[in-house]
**Student:** 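Quick one: this structure, given as structure tokens, is what I'll be asking you about.
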Number of protein chains: 2
Amino acid sequence: MPYPDRVDEPPQGAAPGADEGPSGPASLSPANMADVARLAGVSIATVSRALRDVPGVGESTRRRVREVADQLSYVVSPEASSLSRRETGRVAVVMPRMDVWFYSMMLGGLERGLRAEGMDVLVYQVPGPAERGAFVRDLPARRKVDAVVLAALPLSPEQRDRLDLLGVPLVIAGGAARGLPHVDVDDRAMARLAVEHLLDAGHRDIAMVRTSDTDDTTWDADLLRVAGFRDALAARGVPERSDLLVTEPWAIDAGTKALDRLLALPQPPTAVFAYSDELATALTIGAWRLGLRVPDDLSVIGVDGHPTAAVMGLSTIDQQVELQAATAAEITVRLVRGVGGERSVRVPHVLVTRGSVGPPPAR
Amino acid sequence: MPYPDRVDEPPQGAAPGADEGPSGPASLSPANMADVARLAGVSIATVSRALRDVPGVGESTRRRVREVADQLSYVVSPEASSLSRRETGRVAVVMPRMDVWFYSMMLGGLERGLRAEGMDVLVYQVPGPAERGAFVRDLPARRKVDAVVLAALPLSPEQRDRLDLLGVPLVIAGGAARGLPHVDVDDRAMARLAVEHLLDAGHRDIAMVRTSDTDDTTWDADLLRVAGFRDALAARGVPERSDLLVTEPWAIDAGTKALDRLLALPQPPTAVFAYSDELATALTIGAWRLGLRVPDDLSVIGVDGHPTAAVMGLSTIDQQVELQAATAAEITVRLVRGVGGERSVRVPHVLVTRGSVGPPPAR
DNA sequence: TTGTACGCGTTATCAA
DNA sequence: TTGATAACGCGTACAA
């Protein structure tokens, strides 16, 4: 009777007929440190030290423990380890949704960066105002993670304050927030750059197209890009025409609809600055389908660095989402580990010219 | 001295100057059950029972415990709870990447479905063959989750077998696998349907466009869709022209390149079946930029249900990724809870006609 | 209905 | 270098 001290294990889970896996050695209830210790003829403490590579273990002992460990295909229980170390090794990433380009890029980059540092990523989708309220009220991530990354999640200052109750470092990715570590881009400057690019090409009747959310959420990036649009016009002394700032309710083809409205104007624009590449794309497709040529009849520029923009040949301001994500991951890791360094970083943007901007058509 | 039995707490983490949050009551090291028990004047066991809504607690007692709990803003330690219950409340979602449409949709849907059932989602990005090998070898998710969902992750049968060592239910989302619970679509039938749609419109010179991976990975869906393409032609007695099956190395503009090759043929196709909407989109954009009209000069149909396809006006076979995800989430939950039901589901596809398919141009 | 006491699997402290 | 042993915080038979 080799293991007199283990007599529990009810059949647990699996229905009678269920497969138990062809792999023999995987006995129910995986091995624990005690098992390893016993087989290696050492104490639990030594096993713990040996497997964690902490100093203070004889080389031969360490080897032996290692061998026994993978012979039993033993792995440390993360739960028990966390309980004891008071760390989870996990980071929560919270975003409105993860099935649209910007967020999926951000999530992908964060996962890469965090996993490279040995952290697991727990994801939370918090789409609307109601869900945001619930998230902030219930703090479902509490005690589950060592840090929380908010990816472009619109929160009120009070909501942000309440997140202090999480008791772990908080990082904003893709946006700013007074006092909190964050990674962002200069939305205002990006917009200014885009519009300057159009002005440089000779345009004066420049429209800006954006979308509004179905709920009443306001996005800082939106306001800032409108401001940048105005900055650029003002700086060149081009009077702003209010009819050229059009806002469509969000929809996948909002750009197309915006174009229709612009073309119906008595004096249509010769160039369009779109809030996003998605908008620019839909707008351009709409233009093509109407028989308009880009940029001969209409110049278009967007913001994002969306891959479709490349296929479309759309000029854009690349906001380098991967870099934002990688940077946010790095900051998060540093905060968790308690090492110093920049707490907030502004990622540079890049004008990518692809041929969707040209001189205005001759009248 | 109210709490004589708690005398630990080194400053832990936070640098001296760091903000401690304006929220007063959040003392370092959050309250535990013992704290709640003491303040409520009951035993720890009672607190545990009261907070978990298990029967066997007086109504007044339960209320009192609840009050004390949120007064202390107490939350159960997931680590300790997991350790004791031998469950994590987490599910791992593993996918090659999460920053492309299909996977981000899948992940979003899985997260929604799993969270609705109270499970947290841990994500793993396993891009290439090397990472797949490492994932299968090291099983980093072991002991961290109650189930694993593999989302369209290409694995060899041996690799799948090795995943048995995870010791938790395994679900395949967006693909099949002998013996494993899975959710998939009928790729072969989808392709057949798409090509039949083109045949019905009168086309006979029908091309299929697909991409090849940079690594040597083979995707079942790819083979099946090619088979479906052939099925449809054969069923109508249309001889297959080998020059009309073109494969481009994956790139965002692969569709455009494929089109160039097709148009260079002595007898170009009058219609194209694209492996994906992404390909169909790039191909269509390429066609437009060449001055071709769709469907007047060329008919195009894709597969996916990608939102861009809607903007483009592309007909497609919608593979209902959200439904696939929701179904996979449901199956996963059932397996974890050990309740019966279908272990594998085939999700229906839908032909969406949008006007990118018309009769072939008159010669 | 409530309390006691042990187990869950580690890490960390203190001796040896 | 190694070994006991006490936390870590919660779930749960078992007893009261």
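What's counted below: heavy atoms across the whole structure, side chains too, no hydrogens, waters or symmetry copies. Chain letters run A, B, ... following the sequence lines, proteins first, then strands; residues in each count from 1.
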**Student:** side-chain contact (heavy atoms from CB on, under 4.5 Å) with A/Thr46: which residues, sequence neighbours excluded?
**Tutor:**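 Here the qualifying residues are A/Val42, A/Ser43, A/Arg49, A/Val57, A/Thr61.
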**Student:** Enumerate all atom pairs, one protein N or O and one N or O from nucleotides 12-16 of chain C, separated by less than 3.5 Å.
**Tutor:**
unit_1 : atom_1 : unit_2  : atom_2 : d
C/dA12 : OP2    : A/Arg52 : NH1    : 3.0

**Student:** Taking only residues two or more places apart in sequence, or in another chain, which ones meet A/Val68 in a side-chain contact (heavy atoms from CB on, under 4.5 Å)?
**Tutor:**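 In terms of side-chain contact (heavy atoms from CB on, under 4.5 Å), with neighbours along the sequence ignored, A/Val68 is linked to A/Val36, A/Leu39, A/Ala40, A/Leu72.
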**Student:** Sort and list the pairs that fulfil salt bridge (Lys or Arg N to Asp or Glu O under 4.0 Å) and have at least one residue in residues 110-125 of chain B, not counting sequence neighbours.
**Tutor:**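 Passing the test, one end in residues 110-125 of chain B: A/Lys144-B/Asp120, B/Glu111-B/Arg115, B/Arg115-B/Asp120, B/Glu117-B/Arg337.
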**Student:** Looking only at side-chain atoms of A/Arg86, point me to the closest of D/dC8, C/dG3, D/dG11.
**Tutor:**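 Comparing D/dC8, C/dG3, D/dG11 against the side chain of A/Arg86, the answer is D/dC8.
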**Student:** If an axis is fit to five pairs at each end of the helix from C/dT1-D/dA16 to C/dA16-D/dT1, what is the angle between the two, to the nearest 10°?
**Tutor:**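 What I find for the helix from C/dT1-D/dA16 to C/dA16-D/dT1 is an axis angle of 30°.
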**Student:** For A/Arg97, check side-chain contact (heavy atoms from CB on, under 4.5 Å) against everything at least two apart and list the hits.
**Tutor:** A/Asp99, A/Val100, A/Tyr103, A/Gln125
**Student:** For B/Tyr124, what residues pass the ring-ring contact (aromatic ring centres under 6.0 Å, His included) criterion, not counting sequence neighbours?
**Tutor:** B/Phe135
**Student:** Holding to side-chain contact (heavy atoms from CB on, under 4.5 Å), I want the full list of residues that pass it with B/Ala147, two or more places apart in sequence or in another chain.
**Tutor:** B/Val91, B/Pro169, B/Thr332, B/Val336
**Student:** Where the side chain of A/Thr46 is concerned, which of D/dG3, D/dC10, D/dG9 is the nearest nucleotide?
**Tutor:** D/dG3
**Student:** Would you call B/Arg334-B/Glu330 a salt bridge at under 4.0 Å N-O?
**Tutor:** yes
**Student:** Who pairs with A/Arg66 by salt bridge (Lys or Arg N to Asp or Glu O under 4.0 Å), at least two apart in sequence or on another chain?
**Tutor:** A/Asp53
**Student:** Scan B/Val47 against the nucleic acid and name what it touches under 4.0 Å (heavy atoms): base, sugar-phosphate only, or nothing.
**Tutor:**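 The residue B/Val47 makes no contact with any strand.
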**Student:** Can you list the residues that meet the salt bridge (Lys or Arg N to Asp or Glu O under 4.0 Å) rule with B/Glu87, with sequence neighbours excluded?
**Tutor:**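 So B/Glu87 forms a salt bridge (Lys or Arg N to Asp or Glu O under 4.0 Å) with B/Arg85.
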**Student:** Return each pair, listed once, that meets salt bridge (Lys or Arg N to Asp or Glu O under 4.0 Å) where at least one residue sits in residues 148-159 of chain B; pairs must be two or more places apart or across chains.
**Tutor:** none
**Student:** I need the residues from residues 54-67 of chain B with at least one non-hydrogen atom less than 4.0 Å from DNA chain D; give them sorted by number, or say none.
**Tutor:** none
**Student:** Between C/dG9, D/dG11, D/dG9, which nucleotide has the shortest distance from any of its atoms to the side chain of A/Tyr74?
**Tutor:** C/dG9
